[in-house]
Amino acid sequence: MPVNEEYFNSEDFQELLNSYEASMNDGTQPFMDADSLVDIADYYNMHGNADKALNVIEYALELYPYATLPNVFMARHALMQGDFQKAHEYASHIEERDDPDYHYLQAEILIAEGHIDEADRYLRDYGMTVAIDEYEDFIKDCANLYVDYSISDKAYEWMMRSKGDDSTDFKELMARTLFGLERYKDSERIFNELLDTNPYSAKYWKALAGVQLMAEDYGNALTSSEYAIAIDPDDSEGILCKANALLQLNNYEEAEKYFRRYTESEPDNESGLFHQGLCLIYMGKYKEALQVLQQAEQVSASDPLLLATIYQEQALCYSSLKQPQKAIEMLDKAIPMTDDQENLLFLKGHIMLQNDLLREAGETWKEAITRSNSSPAIIMCIVSSLYENHYIGPCYIFLKQFHKTYENDDAYASEGYSYLALCCHDLGHQEKFLKYLQKAVERDHKVAKSLLGFLFPPDTDVSDYYNYMSYYLNQ
């Protein structure tokens, strides 16, 4: 459920928080009702103080073992840990079975367990008991549940049951739902409406920046993130938004600075370190990138998929530093950690080829082709590597080996004919060059221009490539 930031900034809540913290500092136990203690825990959670939040809830359960909200809090914490049994136990402790939060928790447990349709039936059945004047709030609460679990189609179904209103809560929830449905323009429009009424909301500026990033509108995402940072200079989420926008705009030097700022505020989050390392790689600072990626490796020790990605980037650094054996060592660590083994095997062969280990590269690529069931995508990656590393003859032989099998496969043919044309051009096979050039243009103008365009004057239309080259070669 959404956190009420406005309430947390209110004088009433600040007085409550100060009273609680003063009691804790004095070594005395404050006597407060369960709802107030849960508010304090939510506040701590929002500010990244998970341990403090749990301490508050544990104290609340000592005072009120059967209260709804403390048990809901702990059940949701258990769900985040994937402990469904523990979540059910906390739910069973709740005494007030008529409390809406009890029913939302039961539905949430079903959602977390993957029983989406069953959760939906449960909520619809419960909705039959909800008073008419509370039904609109009930709809929003149900939609929020699905939004929190990124089940946007179900959230949208619930939102469509509402009569709709101009409230901030409804608009924000609809914007989040549309974002999940990848309807970015609609989501952006609503967040702009919210900012029209509350232009100093860092939350809305960050949300708008997130929508614009996903819509690949990086310039506006940068502007929105800068507004968020201007309102709250220390907000890590706003800093991360700006870093991502700068990265997408290829401003690697500035992006690296902001990823570093993000890491300083969120040292246990590997995302900042990993992307900081990427920026350094793009800037050609491979030694510095390795140091940062090694820090990211330590933080990500429990996440095999992320570790595999980090090892892959470390391998690229070592390769650029002319340390192929270290690069291969990193890839050998990464390969067992991922389901994408054929692409890592391709990269391993590519690094071997860059370091003139042609036989070793061939053996590795043979394994990649076998594991991928002769995937045209893997074959074309190998072709690209051979050509870019100036092994033109082997590239041509390799292409001819697979050409008859895949010449009618669109995933192969559009690039395959272009590379065959390139190889024939470089090897001086003029007739074959013209033959494959013609087929490349027939297959895909965009690919042909991308791979063959450098052979022609800049303004030459792709459809004129064959006639131009045929005339030129016959002079």
Side-chain angles (χ1 to χ4, degrees), residues 213 216 218-219 221-222 225 236 239-301 303-338 340-357 361 364 368 377-378 381-382 384-390 450:
L213 280 170
E216 300 181 4
Y218 304 124
L222 178 60
S225 65
S236 59
I239 292 167
L240 183 60
C241 282
K242 182 169 182 177
N244 281 318
L246 288 165
L247 176 60
Q248 294 298 333
L249 291 167
N250 301 329
N251 190 341
Y252 304 127
E253 187 171 349
E254 282 297 304
E256 190 271 334
K257 291 178 184 176
Y258 277 88
F259 280 123
R260 194 177 343 126
R261 274 184 63 181
Y262 176 75
T263 299
E264 288 167 359
S265 61
E266 301 286 346
D268 296 328
N269 190 312
E270 66 282 347
S271 178
L273 285 165
F274 175 72
H275 286 93
Q276 191 182 337
L278 280 185
C279 290
L280 290 166
I281 289 173
Y282 296 147
M283 293 159 66
K285 299 181 178 180
Y286 301 113
K287 288 184 179 178
E288 292 178 47
L290 266 176
Q291 292 175 354
V292 174
L293 289 169
Q294 285 161 357
Q295 293 176 49
E297 179 183 348
Q298 297 302 313
V299 176
S300 310
D303 187 340
L305 288 178
L306 183 56
L307 269 178
T309 305
I310 291 170
Y311 289 144
Q312 179 178 332
E313 297 302 328
Q314 288 180 356
L316 293 172
C317 289
Y318 281 121
S319 179
S320 297
L321 292 168
K322 303 301 180 186
Q323 298 181 49
Q325 292 309 315
K326 286 292 291 182
I328 291 166
E329 179 186 324
M330 290 297 105
L331 289 173
D332 285 340
K333 290 169 71 173
I335 287 168
M337 295 181 169
T338 175
D340 193 24
Q341 294 185 358
E342 58 267 25
N343 279 307
L344 289 185
L345 284 166
F346 157 71
L347 180 59
K348 182 178 175 180
H350 176 68
I351 288 171
M352 289 171 169
L353 193 67
Q354 283 182 323
N355 291 276
D356 298 318
L357 302 170
T364 302
I378 288 294
C381 285
I382 295 170
S384 176
S385 179
L386 284 165
Y387 188 82
E388 288 173 12
N389 285 288
H390 308 295
S450 172

**Item:** Test item: L240 and N269 side chains (from C-beta on) under 4.5 Å apart, heavy atoms
**Value:** no

**Request:** Identify the two heavy atoms, one from N244 and one from F259, that lie closest to each other, and give their separation to 0.1 Å.
**Result:** OD1-CZ, 3.5 Å

**Request:** Provide the closest heavy-atom pair for A243 versus A255 in the form atom of the first, atom of the second, distance.
**Result:** O-CB, 3.7 Å

**Request:** Find out whether L386 and I382 are in side-chain contact, i.e. whether some heavy atom of one side chain is under 4.5 Å from a heavy atom of the other.
**Result:** yes

**Request:** Please determine if E256 and R260 form a salt bridge, counting it only when a charged side-chain N lies under 4.0 Å from a carboxylate O.
**Result:** yes

**Request:** Could you pull out all residues at least two apart from Y387 that satisfy ring pair (Phe, Tyr, Trp, His ring centres under 6.0 Å)?
**Result:** Y419

**Request:** Write down the atom of L293, the atom of C317, and the distance for their closest heavy-atom approach.
**Result:** CD1-SG, 4.1 Å

**Prompt:** Could you go step by step and tell me if L345 and I378 meet the side chain to side chain contact (heavy atoms under 4.5 Å, CB included) rule?
**Reply:** CA-CA 10 Å; L345 284 166; I378 288 294; over 6 Å; no

**Flag side-chain contact, heavy atom, 4.5 Å: E297 against K333** = yes

**Request:** Please state whether the rings of Y282 and Y252 are parallel, tilted or perpendicular, taking 30° and 60° as the class boundaries.
**Result:** tilted

**Prompt:** Do the side chains of Q325 and Y318 get nearer than 4.5 Å, heavy atoms only?
**Reply:** no

**Complete:** Residues pairing under side-chain hydrogen bond (donor to acceptor under 3.5 Å, both in side chains) where one sits in residues 346-357, two or more places apart or in two chains, turn out to be S319-Q354, D332-K348, H350-Q354, H350-S385, D356-Y391

**Request:** Just jot down the salt bridge (Lys or Arg N to Asp or Glu O under 4.0 Å) partners of R261, sequence neighbours excluded, or say none.
**Result:** none

**Asked** Do the non-hydrogen side-chain atoms of M337 and L305 ever get within less than 4.5 Å of each other?
**Response** no

**Fill in**
Distance col, row L273:CG vs L278:CG, nearest 0.5 angstrom, shows 11.5 Å

**Asked** Within a reach of under 6.0 Å around CD of E253, are more than 12 heavy atoms found that belong to other residues, nucleotides or ligands?
**Response** no

**Prompt:** Can you list the steps and then say if Y262 with Q276 is a side chain to side chain contact (heavy atoms under 4.5 Å, CB included)?
**Reply:** CA-CA 10 Å; Y262 176 75; Q276 191 182 337; over 6 Å; no

**Message:** Less than 4.5 Å apart, side chain to side chain, heavy atoms only: is that true for T364 and F346?
**Reply:** no

**Request:** Start with the C-alpha gap between L290 and L321, add the side-chain angles, then the distance that decides, and say whether side chain to side chain contact (heavy atoms under 4.5 Å, CB included) holds.
**Result:** CA-CA 10 Å; L290 266 176; L321 292 168; 3.7 Å; yes

**Asked** Looking at CD of E270 and CD1 of I310, how far apart are the two atoms once the value is rounded to the nearest 0.5 Å?
**Response** 7.0 Å

